[in-house]
Amino acid sequence: MSTTSILSLPRIGVLAVQGDVREHLAALDALGADAVTVRRPAEVESIDGLVIPGGESTVMDKLVRAFDLREPLLRRIAEGMPAYGSCAGMIMLADRIADGRPDQQTLGGLDITVRRNAFGRQVDSFEQDLDYAWRDAGATGTVHAVFIRAPWVEQVGPEVEVLARVSEGAAAGRIVAVRQGNLMATSFHPEVGADRRIHAEFVSIVREHRLQQSGARQSPEREDTA
Ligand SMILES: NC(=O)CC[C@H](N)C(=O)O
């Protein structure tokens with residue numbers, strides 16, 4: 001949690017050890033967030049929310065450990081810091097990987113099982129319009145989802161809300177967007193286009209969390225003076 005005023009911009013970090021960091025920074029910046037890269041343990045402490053980009057989850061896992069980011073990230077996520085993972089980022093936030101390599105660790109937090117590269121080699125990349133369960137009352141309509149060697153969600157726990165499924169083709173019905181409390185993940189890459197609605201949903205989760213945090217900090221004082 002940043003120590004700046006609650007009225008200041010939410011500071012949202014993008015995990016910047018590997019992957020498509022720049023596109024997420026641009027999307028967050030366009031939404032009026034204070035978007036910063038996260039490479040050092042101290043940087044994990046100063047952010048209000050975290051985006052984990054697409055890339056290669058095995059490499060990301062190794063670098064997170066090599067840069068001493070694993071422990072602070074685990075702690076902040078356990079404390080309730082909002083996080084959003086796209087593609088490899090979804091894998092990093094998953095509690096379980098189906099057929100995972102024994103040496104691959106995730107940060108976890110989302111009670112889901114993901115399957116890496118689930119759509120198969122023949123269809124490395126594809127695009128589809130999906131129905132999306134918007135939480136922002138202002139957002140409506142489908143999402144044009146871009147999948148690049150994407151995972152799908154094979155199993156979800158009872159606390160997990162399914163936000164989107166594949167709409168057509170052999171994989172129709174597969175879960176590709178989820179939310180559980182302050183954690184959100186998509187198999188696809190909303191950062192590649194100009195549509196900012198999914199990032200906007202995450203920024204509003206971060207804003208709400210900050211408000212709750214500031215309320216929690218203030219309430220003991222209010223009791224004192226009552
Ligand atoms: N575009 C992506 O992030 C691909 C994810 C990658 N296949 C992985 O397993 O980590």
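Start at 1 and go down the list; that is how both ligands and their atoms are numbered. In this chain, numbering begins with 1 at the start of the sequence shown.
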- Backbone or side-chain N or O of Ser86 under 3.5 Å from ligand 1 N or O: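 No; the residue has no nitrogen or oxygen that sits under 3.5 Å from a nitrogen or oxygen of the ligand.
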
- Query: Who passes side chain to side chain contact (heavy atoms under 4.5 Å, CB included) against Leu63, sequence neighbours left out?
  - Reply: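 If we apply the side chain to side chain contact (heavy atoms under 4.5 Å, CB included) test to Leu63, skipping adjacent residues, the hits are Val17, Gln18, Val59, Phe67.
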
Please identify which atoms of ligand 1 are closer than 4.0 Å to at least one heavy atom of [X].
| X | value |
| --- | --- |
| Gly54 | 3 (O) |
| Cys87 | 1 (N), 2 (C), 3 (O), 4 (C), 5 (C) |
| Ser57 | 8 (C), 9 (O), 10 (O) |
| Ile91 | 8 (C), 9 (O), 10 (O) |
| Gly55 | 2 (C), 3 (O), 4 (C), 5 (C), 6 (C), 10 (O) |

- Do you see a donor-acceptor pair shorter than 3.5 Å between the side chains of Glu127 and His144? yes

- Item | Short side-chain donor-acceptor distance under 3.5 Å, Glu154 and Thr113 | no

- Among all protein heavy atoms, pick the one closest to atom 9 (O) of ligand 1 and tell me residue, atom and distance.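 Checking every protein heavy atom, the shortest distance to atom 9 (O) of ligand 1 gives Arg116 NE, 2.7 Å.
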
- Item | Identity and distance of the protein heavy atom lying nearest atom 7 (N) of ligand 1 | Asn117 OD1, 2.6 Å

- Message: Can you tell me which portion of His189 lies within the under-4.0 Å heavy-atom range of ligand 1? Options are side chain, backbone, both, or neither.
- Response: side chain

- Query: Would you call Glu45 and Arg40 a salt bridge, taking side-chain N to carboxylate O under 4.0 Å as the test?
  - Reply: no

- Could you tell me whether Arg197 and Glu201 make a salt bridge, using a distance below 4.0 angstrom between a side-chain N and a carboxylate O? no

- Item | Parallel, tilted or perpendicular: rings of Phe202 and Tyr84 (30°, 60°) |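 Answer is tilted, since the angle falls between 30° and 60°.
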
Residues 170-179, side-chain donor-acceptor partners within the protein, below 3.5 Å, at least two apart:
{"residue": "Arg179", "atom": "NE", "partner": "Gly181", "partner atom": "O", "Å": "2.7"}
{"residue": "Arg179", "atom": "NH2", "partner": "Gly181", "partner atom": "O", "Å": "3.1"}

